[in-house]
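We number each residue from 1, following the sequence as shown. In what follows, every heavy atom counts, from backbone to side chain, and hydrogens, waters and symmetry copies are set aside.
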Amino acid sequence: MRNNEEAEGFDGEASNTSMISGANSPYQPTTEPVHSRNVFMAIRCDLDYLKSHFGILKVIEVVLALISFIFIETVMMCSPCAGVYLFEFVSCSAFVVTGVLLLIFSLNLHTKVPHVNWSLTDLINTATSTLFFFLASVVLAALNHQSGAEIAAVVFGFLVMGVYGVNTYLAVRRWRLGDSRDGPLQTSEYIRARTASRGEVESRPELQ
């Protein structure tokens, strides 16, 4: 009888000891994947980009395109309306596309897709926006009815066209020189991130 009690006591102490050692063990299971933490840490505001020439130009382009779109939206009557519709489409499209690119670059989201030539993508966007703003502003200037909203839209249209033109010039220089933050630098950042992720997984045997 006493032997059974001692055995039961021994089993209880052993289970308690295992529970305590398990609670104090540094190798605790986790439900949070390592790669998800790395992706979350990669999304951060890049203040260096926002302070650069391209970041400042992007912000100005987004603001001016939005102002141009607001002015053209306040036009209540038009006949013919081809110039108004064209300018409305160009200003809205430029605002959306440039705004998305600004968000991608300022949050370093482009580093998650290193296979895309982001430098060339930015160049195509700025060159296309420059051309279309020029055409839309010229057409609106020729077909407007001398209303305040149309005149203001034309002025801001030519202004944002000039900013896009400067951005296009700088983007062409960057693309020709190959000195872009989206090329070799992006690839090296991607490789370092993958290496760090693999190193972290290998150093934690419980995740293997």
Side-chain angles (χ1 to χ4, degrees), residues 45-113 115-183 185-186:
C45 184
D46 191 353
L47 296 179
D48 292 335
Y49 175 78
L50 294 176
K51 294 178 181 179
S52 65
H53 296 299
F54 291 100
I56 295 174
L57 289 174
K58 280 282 186 297
V59 173
I60 297 175
E61 289 162 1
V62 170
V63 173
L64 292 180
L66 178 60
I67 295 175
S68 302
F69 178 73
I70 292 175
F71 274 121
I72 202 64
E73 283 296 302
T74 59
V75 177
M76 303 304 297
M77 299 180 61
C78 60
S79 179
C81 297
V84 174
Y85 292 155
L86 177 61
F87 193 92
E88 180 181 20
F89 171 77
V90 171
S91 59
C92 180
S93 300
F95 169 73
V96 173
V97 176
T98 307
V100 171
L101 289 177
L102 175 62
L103 186 65
I104 290 175
F105 290 140
S106 61
L107 295 181
N108 277 330
L109 297 179
H110 61 289
T111 59
K112 309 306 297 181
V113 190
H115 305 293
V116 177
N117 191 335
W118 292 102
S119 178
L120 182 60
T121 302
D122 184 34
L123 172 59
I124 294 174
N125 173 64
T126 54
T128 304
S129 299
T130 302
L131 176 61
F132 277 96
F133 260 114
F134 172 74
L135 295 177
S137 300
V138 169
V139 172
L140 184 61
L143 300 179
N144 72 80
H145 303 82
Q146 304 298 323
S147 66
E150 289 175 317
I151 294 175
V154 170
V155 171
F156 277 95
F158 281 113
L159 185 60
V160 68
M161 181 207 69
V163 178
Y164 271 112
V166 175
N167 196 350
T168 302
Y169 171 73
L170 296 178
V172 169
R173 287 187 56 189
R174 181 180 64 176
W175 180 62
R176 286 182 176 179
L177 295 176
D179 183 17
S180 66
R181 57 186 293 112
D182 312 320
L185 180 58
Q186 173 184 331

Novice: Could you report the tightest heavy-atom contact between Ala65 and Phe133, atom names first, then the distance?
Specialist: CB-CZ, 4.3 Å

Novice: Name all residues meeting the side-chain contact (heavy atoms from CB on, under 4.5 Å) criterion together with Leu50; count only those two or more places apart in sequence or in a different chain, and write none if there are none.
Specialist: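 side-chain contact (heavy atoms from CB on, under 4.5 Å) check on Leu50 returns Cys45, Leu47, Leu102, Ser106.
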
Novice: About how many Å separate CG of Leu66 and SG of Cys92, when rounded to the nearest 0.5 Å?
Specialist: 9.5 Å

Novice: Is there a side chain to side chain contact (heavy atoms under 4.5 Å, CB included) between Phe89 and Phe132 once you walk through the steps?
Specialist: CA-CA 10 Å; Phe89 171 77; Phe132 277 96; 5.8 Å; no

Novice: Between Arg176 and Val172, does the side chain to side chain contact (heavy atoms under 4.5 Å, CB included) criterion hold? Intermediate values first, please.
Specialist: CA-CA 6 Å; Arg176 286 182 176 179; Val172 169; 3.8 Å; yes

Novice: Between Leu101 and Lys58, which heavy-atom pair has the shortest distance, and what is it?
Specialist: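 Answer, listing the atom of Leu101 first, then Lys58: CB-CE, 4.3 Å.
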
Novice: So, Ser137 side chain and Phe134 main chain: donor-acceptor pair closer than 3.5 Å or not?
Specialist: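 Flag not set: sc Ser137 to bb Phe134 has no pair under 3.5 Å.
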
Novice: Stepwise, does the side chain to side chain contact (heavy atoms under 4.5 Å, CB included) test hold for Val75 with Ile72?
Specialist: CA-CA 6 Å; Val75 177; Ile72 202 64; 4.2 Å; yes

Novice: Testing the basics here: between His110 and Trp118, what is the closest heavy-atom pair and its distance to 0.1 Å?
Specialist: O-NE1, 3.3 Å

Novice: Could you pull out every donor-acceptor pair under 3.5 Å between side chains of residues 152-169 and any protein atom, sequence neighbours left out?
Specialist:
from	atom 1	to	atom 2	distance (Å)
Tyr164	OH	Thr98	OG1	2.6
Asn167	ND2	Glu61	OE1	3.4
Asn167	ND2	Glu61	OE2	2.8
Thr168	OG1	Thr126	O	3.2
Thr168	OG1	Thr126	OG1	3.4
Thr168	OG1	Ala127	N	3.4
Thr168	OG1	Thr130	OG1	3.3
Thr168	OG1	Tyr164	O	2.7

Novice: Search all heavy atoms of Ala136 against all heavy atoms of Leu86 and return the closest pair with its distance.
Specialist: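 Closest approach of Ala136 to Leu86: CA-CD2, 3.9 Å.
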
Novice: What is the minimum heavy-atom distance between Leu143 and Ala82, and which atoms define it?
Specialist: CD1-CB, 4.5 Å

Novice: Which heavy atom of Ile56 sits nearest a heavy atom of Lys51, and at what distance?
Specialist: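 Looks like CD1-O, 3.6 Å.
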
Novice: Tell me whether Phe69 at atom CZ has more than 12 heavy atoms from other residues, nucleotides or ligands lying less than 6.0 Å away.
Specialist: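 Check passes, neighbour count above 12.
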
Novice: Before giving the answer on side chain to side chain contact (heavy atoms under 4.5 Å, CB included), spell out for Leu123 and Leu120 the whole-Å C-alpha distance, their side-chain angles and the decisive distance to 0.1 Å.
Specialist: CA-CA 5 Å; Leu123 172 59; Leu120 182 60; 4.2 Å; yes

Novice: Kindly compute the distance separating CD1 (Ile70) from OG (Ser91), expressed to the nearest 0.5 Å.
Specialist: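 Here the interatomic distance stands at 10.0 Å.
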
Novice: Would a distance-only check, ignoring hydrogens and angles, find a side-chain to backbone donor-acceptor pair under 3.5 Å from Trp175 to Asp122?
Specialist: no

